[in-house]
Amino acid sequence: MICPGGVVYNLICLSPTVIVVRAKIETKMGLTKKILAGDVSAAARLISGLEDETPDALDEMSHLYPHTGKAYVVGITGSPGAGKSTLTSNLIGHFRTQAMTVGVIAVDPTSAFTGGAILGDRIRMQEHGADKGVFIRSLATRGWVGGLARATLGVIRVMDALGKDIILVETVGSGQIEIDITRAADSTVVVLMPGAGDEIQMMKAGILEAADIFVINKADRGGADALKTNLETMLMMKTQSAGTWQPGIVLTEAIYDRGTVELAAEIFRHREHLTAHGELAKRRKARVKLELMETLESYLKDYIHDIDKGDYLENFVDALSEGKTDPLSATREITSRLAGDLCRRHDDK
Ligand SMILES: Nc1nc2c(ncn2[C@@H]2O[C@H](COP(=O)(O)OP(=O)(O)O)[C@@H](O)[C@H]2O)c(=O)[nH]1
Ligand SMILES: [Mg+2]
């Protein structure tokens with residue numbers, strides 16, 4: 001039965017099952033309405049659903065999506081212990097004095113194993129816990145990079161719909177995860193500290209290219225000036241065309257809340273640069289593409305998982321083991337079944 005939405009839907013679909021489905025949809029729409037009205041517990045519920053990747057939460061995002069795109073997203077990344085959470089907490093304090101509302105997402109792919117870092121982040125940001133203008137959420141995923149990126153992008157959207165002006169995304173680790181998260185941010189801040197020697201690793205992982213702003217934190221410890229000189233030399237070696245953004249280097253002492261105002265100013269300077277050069281729209285387009293690819297991938301993976309509950313994939317595995325087919329031919333066969341199944345699935349909705 002084809003059931004389009006709205007009134008017509010009501011008139012032609014009066015069977016009890018359909019009425020149940022409709023009631024469920026109304027609850028979902030209600031969640032988006034609540035979030036748009038600033039309901040924090042509704043936002044928290046949706047975020048939990050996104051972490052668990054429940055079908056309801058993913059559906060709800062379709063309602064929420066059109067109401068997003070206003071917030072400015074700042075990624076804060078760097079090695080564990082560099083001072084990201086302390087800096088984030090300082091930035092929250094600063095933005096609040098400017099009457100801006102703030103969302104914070106602390107992403108920690110390692111915490112699934114260590115369990116410790118997120119607790120540390122909470123403690124460092126707890127002074128803002130009672131502030132209604134601040135919404136803080138830690139995200140731990142099961143160490144799966146794709147899931148991590150997808151959940152983060154979703155949570156950014158939820159905080160955006162909640163009306164937060166600035167969203168700070170703290171991520172730990174190096175390499176692929178950082179690069180992925182930087183694609184989700186409008187401005188990316190890379191936090192370094194003297195004596196850690198992570199400059200070389202940074203170059204290898206391509207983080208130098210991904211950074212819009214560098215912070216040298218723990219400047220109270222000495223060695224900060226030498227690190228700054230090092231970094232400047234590395235940045236000079238990059239080929240740069242006229243009009244491109246030159247990453248600024250900000251020295252901070254986060255435990256004493258020193259350098260926060262300068263860092264915030266640098267973030268806004270970068271935002272102005274992006275806007276003036278049409279770069280912000282380009283970055284956001286790249287983010288939307290990432291979201292599309294992540295959603296598409298997860299949709300297809302879910303489908304494959306569903307059919308695997310039977311013997312369908314096993315039959316291919318047998319045929320492959322016996323040399324009767326090859327992975328590409330099997331993939332082609334599976335995807336043509338998928339095309340047929342999806343058409344039927346969409347018609348049924
Ligand atoms: N000496 C010094 N310690 C700092 C500074 N900023 C942060 N710390 C300390 O470094 C440790 C790690 O900080 P944290 O913000 O949790 O780092 P994260 O792992 O990058 O989030 C904590 O014990 C902080 O108190 C700083 O500017 N100077
Ligand atoms: Mg931290």
Side-chain angles (χ1 to χ4, degrees), residues 73-95 102-129 134-141 143 148 151-152 155-156 159 166-175 177-182 184-185 187-199 201-202 205 207 210-228 231 248-264 266-267:
V73 183
V74 180
I76 297 175
T77 191
S79 315
K84 299 179 296 297
S85 297
T86 317
L87 276 168
T88 301
S89 183
N90 295 346
L91 283 174
I92 298 171
H94 176 75
F95 292 138
V102 189
V104 178
I105 308 170
V107 185
D108 189 353
T110 59
S111 66
F113 309 107
T114 64
I118 279 185
L119 185 66
D121 289 348
R122 286 232 179 96
I123 291 166
R124 272 180 267 297
M125 294 180 208
Q126 71 185 2
E127 61 175 299
H128 304 289
V134 181
F135 185 88
I136 301 174
R137 184 71 191 217
S138 305
L139 264 192
T141 55
L148 180 69
T152 308
V155 178
I156 289 173
M159 291 194 179
I166 300 239
I167 299 169
L168 304 172
V169 186
E170 176 189 337
T171 58
V172 71
S174 61
I177 294 168
E178 267 172 332
I179 300 296
D180 256 13
I181 302 298
T182 59
S187 296
T188 295
V189 177
V190 171
V191 184
L192 305 168
M193 59 178 170
D198 40 19
E199 306 99 276
Q201 208 202 335
M202 213 169 59
I207 293 163
D212 299 308
I213 296 159
F214 286 98
V215 164
I216 299 178
N217 188 39
K218 308 199 183 183
D220 52 306
R221 281 193 176 170
D225 289 329
L227 176 54
K228 188 174 180 217
L231 198 56
I249 304 173
V250 182
L251 267 62
T252 60
E253 297 173 22
I255 39 162
Y256 307 115
D257 200 1
R258 289 191 191 126
T260 311
V261 177
E262 290 77 1
L263 174 57
E266 193 63 11
I267 291 170

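Order of listing sets the numbers, starting from 1, for every ligand and every atom in it. Heads up: numbering here begins at 1 and tracks the sequence.
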*Asks:* Run the numbers for me: atoms of ligand 1, each under 4.0 Å from some heavy atom of S85, listed by number.
*Replies:*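 Listed by number with element: 15 (O), 18 (P), 21 (O).
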
*Asks:* Taking the Mg ion (ligand 2) as the vertex, what is the angle from OG of S85 to OE2 of E170, given to 10 degrees?
*Replies:*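 Value, to the nearest 10 degrees: 80°.
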
*Asks:* How close do G222 and P194 get, counting heavy atoms only, and between which atoms?
*Replies:*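 Residues G222 and P194, closest heavy atoms: O-CB, 3.3 Å.
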
*Asks:* Using side-chain heavy atoms (C-beta onward) and a distance below 4.5 Å, is V74 in contact with I213?
*Replies:*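 No, their side chains stay 4.5 Å or more apart.
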
*Asks:* What atoms of ligand 1 come within less than 4.0 Å of a heavy atom belonging to A254?
*Replies:*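 Answer, ordered by atom number: 6 (N), 26 (C), 27 (O).
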
*Asks:* Might you point out which heavy atoms bring G248 and E266 nearest each other, and give the distance in Å?
*Replies:*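 Smallest heavy-atom distance, with atoms named: CA-OE2, 3.3 Å.
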
*Asks:* So N90 and L263, do their side chains get closer than 4.5 Å, heavy atoms only?
*Replies:*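 The answer is no, as the side chains (C-beta and beyond) never meet within the 4.5 Å cut-off.
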
*Asks:* Any side-chain to backbone donor/acceptor pair from T88 onto K84? Under 3.5 Å, distance only.
*Replies:*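 Pair found, side chain donor or acceptor close to backbone of K84.
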
*Asks:* Between L87 and T252, what is the shortest heavy-atom contact and its length?
*Replies:*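 Distance-wise, the nearest heavy atoms are CD2-OG1, 3.8 Å.
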
*Asks:* What atoms of ligand 1 come within less than 4.0 Å of a heavy atom belonging to A82?
*Replies:*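 Every atom of ligand 1 under 4.0 Å from some heavy atom of A82: 17 (O), 20 (O).
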
*Asks:* Heavy-atom distances under 4.0 Å decide this one: backbone, side chain, both or neither, for P80 against ligand 1?
*Replies:*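 Backbone only.
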
*Asks:* Less than 4.0 Å is my threshold; does some heavy atom of S79 fall inside it relative to ligand 1?
*Replies:*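 True for this residue.
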
*Asks:* Out of curiosity, is M193 lining ligand 1, as in a heavy atom under 4.0 Å away?
*Replies:*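 False for this residue.
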
*Asks:* Taking the side chain as every heavy atom from C-beta outward, state whether H94 and V261 have any pair of such atoms under 4.5 Å apart.
*Replies:*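 Answer yes - side chains close enough.
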
*Asks:* Hey, which atoms in ligand 1 end up nearer than 4.0 Å to a heavy atom of R221?
*Replies:*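 Contacts of ligand 1 toward R221, numbered from 1: 1 (N).
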
*Asks:* Should the proximity of D220 to ligand 1, defined as any heavy atom under 4.0 Å, be assigned to the side chain, the backbone, both, or neither?
*Replies:*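 The side chain, only.
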
*Asks:* Can you tell me which portion of L87 lies within the under-4.0 Å heavy-atom range of ligand 1? Options are side chain, backbone, both, or neither.
*Replies:*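 Neither; nothing of L87 gets under 4.0 Å from ligand 1.
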
*Asks:* Is the closest N or O pair between A219 and ligand 1 shorter than 3.5 Å?
*Replies:*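 For ligand 1, there is no N or O atom that lies under 3.5 Å from one belonging to A219.
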
*Asks:* With a 4.5 Å cut-off on side-chain heavy atoms, are D225 and L251 touching?
*Replies:*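 L251 reaches D225 side chain to side chain.
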
*Asks:* Which ligand 1 atoms, with their elements, are less than 4.0 angstrom from a heavy-atom of E170?
*Replies:*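 Here the atoms of ligand 1 in question are 21 (O).
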
